[in-house]
> 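Input: one structure, supplied below.
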2 protein chains.
Amino acid sequence: MDDSVDHAILSAISRDARATLSQLSEAVGLSVSAVQSRLKRLETRGVISGYRAVLDPEQVGTPLSAFIEIAPLDPAQPDNAPERLEHLDAIEACHSIAGDAAYMLFVRVPSPRALEDLVRDIRLAANVSTRTTVVLQTYYENRPIIPVGAAGA
Amino acid sequence: MDDSVDHAILSAISRDARATLSQLSEAVGLSVSAVQSRLKRLETRGVISGYRAVLDPEQVGTPLSAFIEIAPLDPAQPDNAPERLEHLDAIEACHSIAGDAAYMLFVRVPSPRALEDLVRDIRLAANVSTRTTVVLQTYYENRPIIPVGAAGA
DNA sequence: CCTGAAAACGATTAGAA
DNA sequence: TTCTAATCGTTTTCAGG
């Protein structure tokens, strides 16, 4: 169902999502149509959930990033923080975590001032306390994934 | 030099990196060639640093993710942890941070056992202590960026 | 599930405003 | 920087193994 060829396709398209089918077909040694149907299948099954351009945060106006851990102020209230925060575009990721806090957010903002405002918005929107860790420098992120053992349906 | 059209292109291609030039041209209301030269310029300037397929971690064999904060055991030693960890494919991101620790890593692994091994590898490779926060659930990540004010050259 | 070929479509280039 | 138009390459579809 799903073998080293799919693995090779995933690896190639992880590195360059705009690769043409003919480029992929060269890379994996199969005909263009074979690659096309495999790619379509990977998309349908949700193995590939989308394609993103990676933008330079500096040039795009959000040079400052931070991790924000949040914990509910009132443990009795319904814990739907992810929903309540979804409208805040500055939040790039939201994970629930094991540890002191309940959630870990990753955010990008234009300035320290914008971070201050964002933290306030988060507190108000989700009724939580926050613990912010500012990122000083990003050495790498979004590294192309080298799938381990792509599983079938 | 760089206006709302570039902004629209970035927004569109952030959501679907495989969009064709004609799709983009429809989206922004410019001819295909105009979009093409703008896109090329955005790539050349590094505003767009690459294109990635987003894969489903579950289906790709790395269902477990975690944040790992690391701090040097010997503050006197040269602090080149990012280099010393770069070969570990499980590490998806590496940031230096302000706070208790020196660096924040984000990692993806197949299993708790693999996480155990990875943490050991990190300690050995970088001579650091670690503090691991396991991710229980990911509500969202890799959200398409809505650039704030794409800056020119 | 694969290949290969024809037709449709998209990308690229050149020339002009 | 933009457009149009011709050329070239890619994607899609389908017949066949």
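To find a chain, count down the sequence lines: A is the first, B the second, and so on, and within it residues start at 1. Computed over heavy atoms, backbone and side chain alike; hydrogens, waters and symmetry mates excluded.
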> Going by salt bridge (charged side-chain N to carboxylate O under 4.0 Å, His left out), name the residues that satisfy it together with A:Arg108, two or more places apart in sequence or in a different chain.
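A:Glu92, A:Glu141.
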> So what is the end-to-end bend of the helix from C:dC1-D:dG17 to C:dA17-D:dT1, with 5 pairs used at each end and the value given to 10 degrees?
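So the angle between the two local helix axes works out to 30°.
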> Would you call the rings of A:Phe67 and A:Phe106 parallel, tilted or perpendicular, where under 30° means parallel and over 60° means perpendicular?
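A:Phe67 vs A:Phe106 ring planes: tilted.
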> Applying side-chain contact (heavy atoms from CB on, under 4.5 Å), can you list everything that pairs with B:Ser49, at least two apart in sequence or on another chain?
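Only A:Val54 meet the side-chain contact (heavy atoms from CB on, under 4.5 Å) criterion with B:Ser49.
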> Got a sec? Which of residues 22-30 of chain A come in under 4.0 Å of DNA chain C, heavy atoms?
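DNA chain C contact set from residues 22-30 of chain A: A:Leu30.
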> Below 3.5 Å between N/O atoms, which protein atoms pair up with nucleotides 13-17 of chain C? Just atom names and distances, please.
none

> What's the closest nucleotide to the B:Ala34 side chain, out of D:dT2, C:dC1, C:dG10?
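For B:Ala34, the side-chain atoms sit closest to D:dT2.
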> For A:Ser65, what residues pass the side chain to side chain donor-acceptor pair (under 3.5 Å) criterion, not counting sequence neighbours?
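Side chain to side chain donor-acceptor pair (under 3.5 Å) list for A:Ser65, sorted by chain: empty.
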> Run the side-chain contact (heavy atoms from CB on, under 4.5 Å) test against A:Ala8 and tell me which residues pass, sequence neighbours left out.
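Expected list: A:Val28.
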> Does A:Ala71 have any side-chain contact (heavy atoms from CB on, under 4.5 Å) partners at least two apart in sequence or in another chain, and if so, which?
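Per chain and number, A:Ala71 pairs via side-chain contact (heavy atoms from CB on, under 4.5 Å) with A:Ser129.
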> D:dT11 P sits how many Å from A:Arg38 CZ, rounded?
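Going from A:Arg38 (CZ) to D:dT11 (P), I get 17 Å.
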> How many Å lie between CG on B:Leu42 and P on D:dT1, as a whole number?
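The distance from CG of B:Leu42 to P of D:dT1 comes to 11 Å, rounded to the nearest Å.
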> Restricting to ring pair (Phe, Tyr, Trp, His ring centres under 6.0 Å), what partner residues turn up for B:Tyr51, sequence neighbours left out?
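So B:Tyr51 forms no ring pair (Phe, Tyr, Trp, His ring centres under 6.0 Å) with any residue.
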> Cluster partners of B:Val134, using ILVMFWY side-chain heavy atoms under 4.5 angstrom, listed by chain and number?
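Taking Ile, Leu, Val, Met, Phe, Trp and Tyr as members, B:Val134 shares its hydrophobic cluster with A:Tyr139, A:Tyr140, B:Leu64, B:Ile68, B:Ile70, B:Leu85, B:Leu88, B:Ile91, B:Tyr103, B:Leu105, B:Val107, B:Val109, B:Leu115, B:Leu118, B:Val119, B:Ile122, B:Val128.
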> Under the side chain to side chain donor-acceptor pair (under 3.5 Å) test, which residues partner A:Arg84, sequence neighbours left out?
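For A:Arg84 there are no side chain to side chain donor-acceptor pair (under 3.5 Å) partners, ignoring immediate neighbours.
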> Checking contacts here: which listed nucleotide (D:dT12, C:dA11, C:dC1) is nearest the side-chain heavy atoms of A:Leu21?
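Output: D:dT12.
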> How does the hydrophobic cluster around B:Leu136 look, that is, which other residues are in it when side-chain heavy atoms under 4.5 Å mark a link?
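None; B:Leu136 is a cluster of one.
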